[in-house]
Enquirer: 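My structure is below; once you've seen it, I'll send some questions.
What's counted below: heavy atoms across the whole structure, side chains too, no hydrogens, waters or symmetry copies. Within every chain, numbering begins at 1; the chains are lettered A, B, ... in the order of the sequence lines, protein sequences first and strands thereafter.
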Amino acid sequence: MPSLPSEPIVWLNREALRSNVKRALEICGSSRLMLAVKSNAYGLGAELVVPEVVAAGAHELAVLDIETGLAIRPMAPETPLLAWLLAPDSDFAAALEATIELGISALWQLDAIEACRSSHKATIHLKIDTGLHRNGALLEDWPNLVARAAQLESAGVVRVRAVWSHLADTSDETTLESLGRLEEAADLVRQAGIQPEILHLAASHAAIELPQTRLDMVRLGILAYGISPFSDRFADDLGFAPVMTLTAPVVHHSDVIRLGVGYGHGVIAPVGSGIEVDLHGGRYRVREVGVDQIELEHLSGPKLPEVGEHVALLGGAEGAIPAEKWAALAHTIGDEVVAHLDPSLERRWA
Amino acid sequence: MRHVDIDLPGLEQALKDSAGAHGTDLTLDLRANAYGFGVEVVSGLAKDLGFRLARVCPRHLDRTVLLTSQATPSTDWLERAHQYGAQKFWGTVVNLKRVPEGTGVSYGGRYVTQTDTRLALVTLGFADGLPRLDPVGGEVELAGRVVSVAGRIAMDQCILDIGELEVGLGERAVAWGGLVPIAQWAKWSGRCVPALGAGIAARVQRHLRGVDA
């Protein structure tokens, strides 16, 4: 093993990532797989993750904004890449130049595409709000949006490749209502003379729970990284393996053990006092998560190794605290635990 | 899309106040990129005011003009700087929509609108460093008013319930450092103020304000 620095390291398990993509493809069946690599690939590190998931068979990628899309594009030059959080000052021309597909929720976004007068035709995904009330056009605004998209398609400025939405995952019942609304919205698009190639709706949660939401494409995020979107199940239960492990050096060793990692590296502190955790077979009380150290009081069981050794603190490695468990202690979800990790920490394949 | 403004006059005043109260022999705690203020900026101002010592993270050693020290460092400057609102964390409105009373908003439908209202989508989420409150909550400054966060804060976005407040696309939504102090976000999230500043993501654009370059 190469020598370990005094700073924490984010380790990625390549086999786990590959097998997760494979498992996702199995779940997708005949549907395409779009992998979300936004927010630095959910904190894992886009530079390592993006080429790997493409090689493992992900059909498409999703980022959030054009800026991130432009950064990701060189890592996956041939893969369809979708960006959908668009602001009036977003660089639409650069997106078209880099063949980034755009998720369109509002008329002004179509105006912005037209105003580029780009030599590249924009490939767009029209987004309907089916109940999340975040992005996506409301049904009452949909006919105008569709009419404008049809006009731009006839003029050769855009191609409407998809109609899509994002779910609130409130209940099976509301999800099926959302599915119905998406299908109605797609009918209106077809009536306007547009033939979208695909419909997409489900992310991790619905793709597992309700197969009929998989449609032509599933957008998978957190589950691909081996972290569960459910509060009552681990990713392992669903056939996915955790990819990330955070290790840190032991910097003090007595009845109190201190690890050289803290909130300054992006570790979110558990909420409340007297929190106890199991770590490498021992039981510890978390005394403090400081800016660059975590202080653990040894209660029982085997003790962590001596000063200088790296210890797997959180993530998928054996003996570490799973991200979902840590998330529960911090009153949040696994997504935030990983997305919060400092991107300047070193990433290594395990 | 996502921004943090560092107000230099406010930061400088905080350092001056700290020097006045405790002298300039303190070791300034500038770990975690000076808790989101930026090591270069704080150490530069501090040096001009006569401070000599700082504690910084090993990966930021090349970014300080102060001598590094292992003495117990002081965050007195940080508390004062936040009192001056010298770190303003903000995103922009990128979508607006009108919804009826009784509309469930964001994941899990945990927030339900109490009136016919308008929702503003803002480009700040937990990957930017806005803590994901459990289950819902939080307030943000928008167009001179304080408005509620509607529903779960997502990875890259949050939604505000803005009623009839007149705003357009591109309007600034200030999470903290404006009408809503960072201490409120600390209380709502159960995370400490230094952790919130430290948690502002690298992708958030930093701007230095209040100087003629």
Enquirer: Under 4.5 Å heavy-atom distance to chain B, tell me which part of E7(A) shows up: side chain, backbone, both or neither.
Expert: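 For E7(A), side-chain heavy atoms alone lie under 4.5 Å from chain B.
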
Enquirer: What residues of residues 103-114 of chain B sit under 4.5 Å from chain A when you count only heavy atoms?
Expert: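 So far as heavy atoms go, T103(B), G104(B), V105(B), S106(B), Y107(B), G108(B), G109(B) are the residues that approach chain A to under 4.5 Å.
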
Enquirer: A269(A) versus chain B, heavy atoms under 4.5 Å apart: side chain, backbone, both or neither?
Expert: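 Answer is neither: A269(A) stays 4.5 Å or more from chain B.
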
Enquirer: Between A201(B) and chain A, which part of the residue has a heavy atom less than 4.5 Å away: side chain, backbone, both or neither?
Expert: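 Answer is neither: A201(B) stays 4.5 Å or more from chain A.
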
Enquirer: Need one label for I268(A): side chain, backbone, both or neither, based on atoms under 4.5 Å from any heavy atom in chain B.
Expert: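 The side chain, not the backbone.
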
Enquirer: Suppose a student defines contact as a heavy atom less than 4.5 Å from any heavy atom of chain A. Which residues in residues 133-159 of chain B would they list?
Expert: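 Near chain A, by residue number: D134(B), A154(B), M155(B), D156(B), Q157(B), I159(B).
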
Enquirer: For T174(A), is it the side chain, the backbone, both, or neither that has a heavy atom closer than 4.5 Å to a heavy atom of chain B?
Expert: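 For T174(A), neither part sits under 4.5 Å from chain B.
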
Enquirer: What distance separates M1(B) CE from T68(A) OG1, expressed to the nearest 0.5 Å?
Expert: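 Taking CE in M1(B) and OG1 in T68(A), the distance rounds to 8.5 Å.
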
Enquirer: Is L85(A) in contact with chain B via its backbone, its side chain, both, or neither, using a 4.5 Å heavy-atom distance?
Expert: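 Answer is both: backbone and side chain atoms of L85(A) are under 4.5 Å from chain B.
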
Enquirer: Check each atom of D141(A) against the heavy atoms of chain B and say whether the ones under 4.5 Å are side chain, backbone, both or neither.
Expert: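 It is neither, since no heavy atom gets under 4.5 Å.
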
Enquirer: Side chains of R59(B) and E346(A): closer than 4.5 Å at any heavy-atom pair?
Expert: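 No, every pair of side-chain atoms sits at 4.5 Å or beyond.
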
Enquirer: Compare all side-chain heavy atoms of S39(A) with those of F126(B) and state whether any distance is below 4.5 angstrom.
Expert: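 No - every pair of side-chain heavy atoms lies 4.5 Å or more apart.
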
Enquirer: Checking heavy atoms, do the side chain of R191(B), its backbone, both or neither come under 4.5 Å from chain A?
Expert: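 For R191(B), side-chain heavy atoms alone lie under 4.5 Å from chain A.
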
